[in-house]
**Student:** 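The structure is given below, and queries will be raised subsequently.
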Amino acid sequence: RSSDGLNYSFSYNEKGNPTSSLVSGEKQSVVMGKTYFIRNKATGKYIDVTGVQDKDNANVAQWEFTDGRNQKWILEDAGDGTVKIIASYSSAGRVIDIEGGVSNEKANIVINSPGETSSQKYQLKQMQDGSYQIVSGSYAISSDGGYDNGSNIYLSKTDSNNSRWYFEEVTETITDIPQDKGLYQI
């Protein structure tokens, strides 16, 4: 299953050449309380807290997939059809916030200690392709369009692929094969 909720099936002949393909499935809805990686549709980069910082006003940017804890986000129902997006590694439960607390064009995105401010509550607007816009007022969280690691994330009124995100559920790999330098309880 892809991050846009589709299943891809391929058939091959005895020589390994493809003979047919099938795409099926439905768009998947996000679930409150689950942990997600959030990938930008335009750049393929993930929402990431710069330097794995756990402090107020730590910058949020985009970065290639690292499976790092600073790329894992928990969705929490904030009421009134909004969600809080919590940095999963934060000891203080820091959430995605708008720097300065005011929604306006090009307002920077950071993490801050949780509160009840509107700048920490977002509507998730599902698009036809299965992606989401993360909306605050009349603005959406958007990539600056750069493909470099560390390219900034901010608010924008632009409805483009830069403001569309895929929520990819974090799943833990369970194996019965011990990993090198692993800690195990028997």
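Below, each value reflects all heavy atoms present in this structure, side chains not excepted, and no hydrogens, waters or symmetry copies. Here the structure is a predicted model, which is why all the values come from computation and not from measurement.
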**Student:** With sequence neighbours excluded, what pairs up with Thr117 under the side-chain hydrogen bond (donor to acceptor under 3.5 Å, both in side chains) test?
**Tutor:**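 Checked Thr117 against side-chain hydrogen bond (donor to acceptor under 3.5 Å, both in side chains); matches are Ser119.
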**Student:** With sequence neighbours left out, what residues match Glu76 under salt bridge (charged side-chain N to carboxylate O under 4.0 Å, His left out)?
**Tutor:**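 If we apply the salt bridge (charged side-chain N to carboxylate O under 4.0 Å, His left out) test to Glu76, skipping adjacent residues, there are no hits.
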**Student:** Just to verify, what does Thr66 make a side-chain hydrogen bond (donor to acceptor under 3.5 Å, both in side chains) with, not counting sequence neighbours?
**Tutor:**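 Thr66 satisfies side-chain hydrogen bond (donor to acceptor under 3.5 Å, both in side chains) with Gln71 once adjacent residues are dropped.
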**Student:** Salt bridge (charged side-chain N to carboxylate O under 4.0 Å, His left out) with Lys34: which residues, sequence neighbours excluded?
**Tutor:**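 Testing Lys34 for salt bridge (charged side-chain N to carboxylate O under 4.0 Å, His left out), a comparison that skips the adjacent residues, returns Glu169.
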**Student:** How is the hydrophobic cluster of Val95 composed, in terms of its other members, when Ile, Leu, Val, Met, Phe, Trp and Tyr link through side-chain heavy atoms under 4.5 Å apart, directly or indirectly?
**Tutor:**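 Val95 shares its hydrophobic cluster with Ile74, Ile86.
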**Student:** Can you pull the ring-ring contact (aromatic ring centres under 6.0 Å, His included) pairs that have at least one residue in residues 65-84, sequence neighbours excluded?
**Tutor:**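 ring-ring contact (aromatic ring centres under 6.0 Å, His included) check on residues 65-84 returns Phe37-Phe65, Tyr46-Phe65.
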**Student:** Only counting residues at least two apart or in another chain, list the ones meeting salt bridge (charged side-chain N to carboxylate O under 4.0 Å, His left out) with Glu14.
**Tutor:**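 Salt bridge (charged side-chain N to carboxylate O under 4.0 Å, His left out) list for Glu14, sorted by chain: empty.
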**Student:** Tell me the salt bridge (Lys or Arg N to Asp or Glu O under 4.0 Å) pairs involving residues 108-126, sequence neighbours left out?
**Tutor:**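 The answer is Lys84-Glu116, Glu116-Lys121.
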**Student:** List in chain and number order the residues that pass side-chain hydrogen bond (donor to acceptor under 3.5 Å, both in side chains) with Asn112, two or more places apart in sequence or in another chain; answer none if no residue qualifies.
**Tutor:**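 Only Asp97 meet the side-chain hydrogen bond (donor to acceptor under 3.5 Å, both in side chains) criterion with Asn112.
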**Student:** Which pairs pass salt bridge (Lys or Arg N to Asp or Glu O under 4.0 Å) with one or both residues in residues 148-163, sequence neighbours excluded?
**Tutor:**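 For residues 148-163: Asp159-Arg164.
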**Student:** Quick one: salt bridge (Lys or Arg N to Asp or Glu O under 4.0 Å) pairs with a partner in residues 55-65, sequence neighbours left out?
**Tutor:**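 Every salt bridge (Lys or Arg N to Asp or Glu O under 4.0 Å) pair that includes a residue of residues 55-65, provided the two are not neighbours, is Asp56-Arg94.
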**Student:** Could you tell me which residues satisfy side-chain hydrogen bond (donor to acceptor under 3.5 Å, both in side chains) with Thr158, sequence neighbours excluded, listed by chain and number?
**Tutor:**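 side-chain hydrogen bond (donor to acceptor under 3.5 Å, both in side chains) check on Thr158 returns Ser156.
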